[in-house]
Amino acid sequence: MTTTSAKDTALTAAALALGDDALVLSHRLGEWAGHAPVLEEEVALANIALDLLGQARVLLSMAGDEDELAFLREERAFRNLQLVEQPNGDFAHTIARQLFFSAHQYLLYGELASGDGPFAPLAGKAVKETAYHRDHAEQWTLRLGDGTDESHTRMQRAVDALWRYTGEMFQPVEGVDVDWTGLETAWLEWTGEVLRRATLTVPEGPRTGAWAAGAGRQGLHTEPFGRMLAEMQHLHRSHPGATW
Amino acid sequence: MVTTTPLEAELLELAGSVPDPELPVLTLRELGVVRAVHARGADTVEVELTPTYTGCPAIEAMSLDIQKVLRDHGVREVTVRTVLAPAWSTDDITDEGRRKLREFGIAPPRVRSAPGPVRVGLGPTRTRESGPVDEADPVRCPHCGSAETELLSRFSSTACKALRRCLACREPFDHFKEL
């Protein structure tokens with residue numbers, strides 16, 4: 001009995017971690033609605049956000065009541081990576097965040113889909129959606145990095161700024177049975193190759209250790225996350241039980 | 001061993017005849033999203049439905065429409081269960097479904113051989129495709145049939161479509177992208 005419940009606890013925690021990543025990034029991308037540089041991008045970012053929201057709903061439902069988990073938890077109870085809660089910044093920052101995260105999610109879901117664990121059905125579905133997200137981020141990285149001096153400078157700045165949040169993506173999550181070291185190697189290889197093709201420099205700063213970021217999985221979040229949650233949860237908390 | 005009773009086959013036909021809420025020219029059977037119907041006792045039925053995209057908001061409307069059709073047929077209790085595996089693919093759209101999409105002004109998805117997105121290149125301002133898949137099997141304009149079309153955006157009015165423009169007749173059109 002104890003082993004079963006320990007396994008259930010690990011599964012719940014894992015579903016929460018992956019579900020929170022999808023939920024929080026979905027909300028951040030949704031913030032672009034009405035602000036994106038061109039209409040096509042507005043639609044693209046909203047569609048990616050919708051994919052992520054769909055994934056979050058499935059994952060959070062594995063961990064409990066999706067609405068309660070999304071709207072009634074305090075900041076310290078969220079288990080998402082610090083990378084996904086980072087503010088949108090300029091368009092280059094949003095694209096760098098997309099590049100780093102979608103490449104990670106694509107590899108992670110790909111591995112989960114090939115297994116027979118509890119996340120395999122969702123991962124098998126979501127990996128195909130994530131392939132489009134990764135492709136979108138890759139094409140924009142190339143276009144901005146290998147574009148004008150201004151776009152190159154901004155893209156490099158965004159990549160440098162978010163680099164310190166990327167180590168956390170490969171800290172093992174209990175209940176997620178994948179080869180984390182292998183994932184990280186594949187991620188570094190793919191991301192590095194895209195950055196080089198985009199004429200950008202792969203940052204040399206630390207991704208792990210004392211000077212890197214990354215305690216989101218333990219419930220420690222960066223300052224902008226609280227304000228994001230306040231906006232995301234405000235309606236549900238102010239009008240409990242309201243429906244459309 | 002899974003067997004389908006004549007009643008289940010009849011109800012599957014009915015559930016499959018429901019039009020897609022977003023693309024009403026297609027039925028759910030042609031879209032390939034109704035997986036199975038299981039009769040559970042005298043007048044209780046369970047329907048297995050699979051979403052096109054994980055976050056597809058049409059899934060709720062589909063469930064309600066299926067429930068209504070089966071209830072009108074005399075089934076008292078209908079539950080619609082969402083199944084994710086095996087994942088839906090655009091290859092599940094029937095030939096008839098593809099033909100109807102084209103007539104409706106939406107370029108149908110190409111039949112895929114390998115997983116992953118179709119590779120596209122990005123030009124300085126607009127995007128045009130390159131790569132072996134596209135040259136062998138280009139996305140054709142559903143209006144004039146030209147193979148000379150360009151990609152405007154990977155994501156269009158819904159997550160399942162991309163926005164393209166025909167270089168021959170200049171009409172923009174939606175392309176049901178391969179998944």
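Residue numbering restarts at 1 for every chain, and letters A, B, ... go by the order of the sequence lines.
Within 6.0 Å of the CD atom in Glu174(A), the count of heavy atoms belonging to other residues, nucleotides or ligands does not exceed 12.
At a 4.5 Å heavy-atom cutoff, the contact between Leu50(A) and chain B is made by backbone and side-chain atoms alike. In this structure, chain A has a heavy atom under 4.5 Å from the backbone of Ser156(B), while its side chain stays farther away. Neither the backbone nor the side chain of Leu142(A) comes within less than 4.5 Å of any heavy atom in chain B. Proximity to chain A (any heavy atom under 4.5 Å) is shown, for Pro51(B), by both the backbone and the side chain. Contact annotation for Thr158(B): only backbone heavy atoms (N, CA, C, O) come within less than 4.5 Å of a heavy atom of chain A. For Val58(A), the part lying near chain B is the side chain, with the backbone staying farther off; criterion is any non-hydrogen pair under 4.5 Å.
Nearest approach of Lys125(A) to Leu179(B), heavy atoms of both residues: NZ-CD2, 4.5 Å. The heavy-atom pair separating Ser157(B) from Val43(A) by the smallest distance is N-CG1, 4.5 Å. Nearest heavy-atom pair across Gly124(A) and Ala87(B) is O-CB, 3.8 Å.
Side-chain contact check for Lys128(A) versus Trp88(B): every heavy-atom pair is 4.5 Å or farther apart.
Atom CG of Leu163(B) sits about 6.5 Å away from atom CD of Glu40(A), to the nearest 0.5 Å. In this structure, CZ in Arg154(B) is found 8.5 Å from CD in Glu41(A), a value given to the nearest 0.5 Å. Residue Phe155(B) holds its CZ atom at 14.0 Å from CD of Glu42(A), rounded to the nearest 0.5 Å.
The closest donor-acceptor contact from the side chain of Glu129(A) to the backbone of Thr54(B) lies under 3.5 Å.
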